[in-house]
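Shown next, in structure tokens, is the structure this report addresses.
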Amino acid sequence: MAATASAAPAESELDRSGAEEEPRGTEPEEDAGSGQTGPTAGAQQHRLARLPLSRIKTLMKADPDVTLASQESVFIIAKATELFVEMIAKDALVYAQQGKRKTLQRKDLDNAIEAIDEFAFLEGKRFNVISCWQSSKGAGESFMVHSDFLYFVTPFKASFSRNVELKNKRNSATVSGYV
Amino acid sequence: MAERPEDLNLPNAVITRIIKEALPEGVNVSKEARRAISQAASVFVLYATSCANSFAMKAKRKTLNAGDVMSAMEEMEFERFLQPLREALEAYKKGQKGKKEASEQKRKDKEKKNGTDENDKSRDEEEDEHMDDEQDGENEAEEEDVEN
């Protein structure tokens, strides 16, 4: 009797750690290293994803169309975001070096965004309100930047059909403002 | 849903560390540039999520999975990320598998320990009963002697 009672919490722990997906609204402890059995396992998880998975998941769930996201998808987006930060920093550095500067400035980022196709989604005038991609219904959704915070004026909704126009004409980039 | 606005920002310390590790030594980053990169990263997460979600919806699934994100990266023209992401995913899967096995082992050990405790307990109880029986027998014998 006692054996089964004490085994129950351990089983629920396993279920929680092994769960592939969480319904919207539930906030699991997904920070790297939680529930680790040894110090090496914890360190390995920290090396894998430097950005906190819980924060990434919160951002992902800000899209009302997203109902469920597997742990793997959250991890990959976190990893991709790291790679993106590295990439944009390195590309901006090229412009800082062209100006014979050792300090990366905002204008270097703007130059990199303007020049590199992959950054088209960040392109546009420096407005406070970013008009996001038109949804399939044609309603433009937007979110606002206020001081350090990024918050939504209306729910974020987007469908990304990267049309030929975007590739040919830089002016037709769907985002009209960049943070 | 994110109730607080700060939940939609990525931690500045981590972003700064990633930037510093990506750039050569001696290169500084202005505060404004750092903030812009951080906010661009947040927009990237939203962009990637929405793009991946459209792939999941096309496949009539409600759950975003790793494949959707990979397809989204291709769609977003970040093909150069695919290889490092695949490698990272493999490492992550191994880590998760190890974690699962470790917790399974822990559970088994716990069960085993509880099982041995139970056995010890029952053995002790049996011995106690045995002792009681012997004592009862002795008491009965004494009573008989007294009667005689």
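Worth knowing before you read on, the calculation uses all heavy atoms, side chains too, and leaves out hydrogens, waters and symmetry mates. Numbers restart at 1 for each chain; the letters A, B, ... are given by sequence-line order, proteins then strands.
Distance CD/A:Q71 to CG/B:L64: 13.5 Å, rounded to 0.5 Å. Once rounded to the nearest 0.5 Å, the distance linking CD of B:E32 with NZ of A:K107 reads 11.0 Å. In this structure, B:R17 CZ and A:L51 CG are separated by 9.5 Å, a value rounded to the nearest 0.5 Å. Residue A:L109 holds its CG atom at 12.0 Å from CZ of B:R34, rounded to the nearest 0.5 Å. Taken to the nearest 0.5 Å, the CD atom of A:E82 stands 4.5 Å off from the CD1 atom of B:I18. Put simply, CD1 on A:I76 and CE on B:M70 are 4.0 Å apart, with the number rounded to the nearest 0.5 Å.
Looking at B:L10 and A:L59, their side chains come closer than 4.5 Å, going by heavy atoms from C-beta outward. At a threshold of 4.5 Å between non-hydrogen side-chain atoms, the residues B:N65 and A:S73 do not count as touching. Contact of the B:I19 side chain with the A:V85 side chain is registered, since non-hydrogen atoms from C-beta on lie closer than 4.5 Å. Under the 4.5 Å side-chain criterion, counting only non-hydrogen atoms from C-beta, A:E72 is not in contact with B:Q96. Side-chain contact between B:T49 and A:D65: absent, with no pair of heavy atoms (C-beta onward) separated by less than 4.5 Å. When side chains are defined from C-beta on, B:F81 counts as touching A:M87, because their heavy atoms get closer than 4.5 Å.
Both the backbone and the side chain of B:V29 have a heavy atom closer than 4.5 Å to some heavy atom of chain A. Contacts between B:V14 and chain A at a heavy-atom distance below 4.5 Å involve the side chain alone, from C-beta outward. For chain A, the nearby part of B:R80 is the side chain; its heavy atoms alone come within less than 4.5 Å. Within the 4.5 angstrom heavy-atom criterion, only side-chain atoms of B:K93, from C-beta onward, approach chain A. Contact of B:N53 with chain A is made through the side chain alone, with heavy-atom distances under 4.5 Å. A:L93 touches chain B through its side chain: at least one heavy atom from C-beta onward sits under 4.5 Å away, while N, CA, C and O do not.
Under a hydrophobic clustering in which Ile, Leu, Val, Met, Phe, Trp and Tyr are joined whenever their side-chain heavy atoms come within less than 4.5 Å, directly or via other members, A:Y95 and A:I88 fall into different clusters. A single hydrophobic cluster is seen to contain both B:L82 and B:F78, as judged by linkage of ILVMFWY side chains at heavy-atom distances under 4.5 Å, directly or through other members. Under a hydrophobic clustering in which Ile, Leu, Val, Met, Phe, Trp and Tyr are joined whenever their side-chain heavy atoms come within less than 4.5 Å, directly or via other members, A:F121 and B:F55 fall into different clusters.
Each of B:A72, B:S38, B:P84, B:S30 has some count of heavy-atom pairs under 4.5 Å with chain A, and the biggest count is that of B:S30. Annotation: maximal heavy-atom pairing with chain B below 4.5 Å, among A:E86, A:K102, A:Q105, A:Q97, occurs at A:K102.
Pairing each heavy atom of A:M60 with each of B:V45, the nearest pair is CG-CG1, 4.1 Å. Between A:R106 and B:A33, the closest heavy-atom pair is N-CB, 4.0 Å. When every heavy atom of B:T63 is checked against every heavy atom of A:S70, the shortest pair comes out as CG2-N, 3.9 Å.
Electrostatic pairing of B:E21 and A:R50 counts as a salt bridge here, judged by a charged N lying under 4.0 Å from a carboxylate O.
Under the 30°/60° scheme for interplanar angles, the aromatic rings of A:F84 and B:F44 are found to lie parallel.
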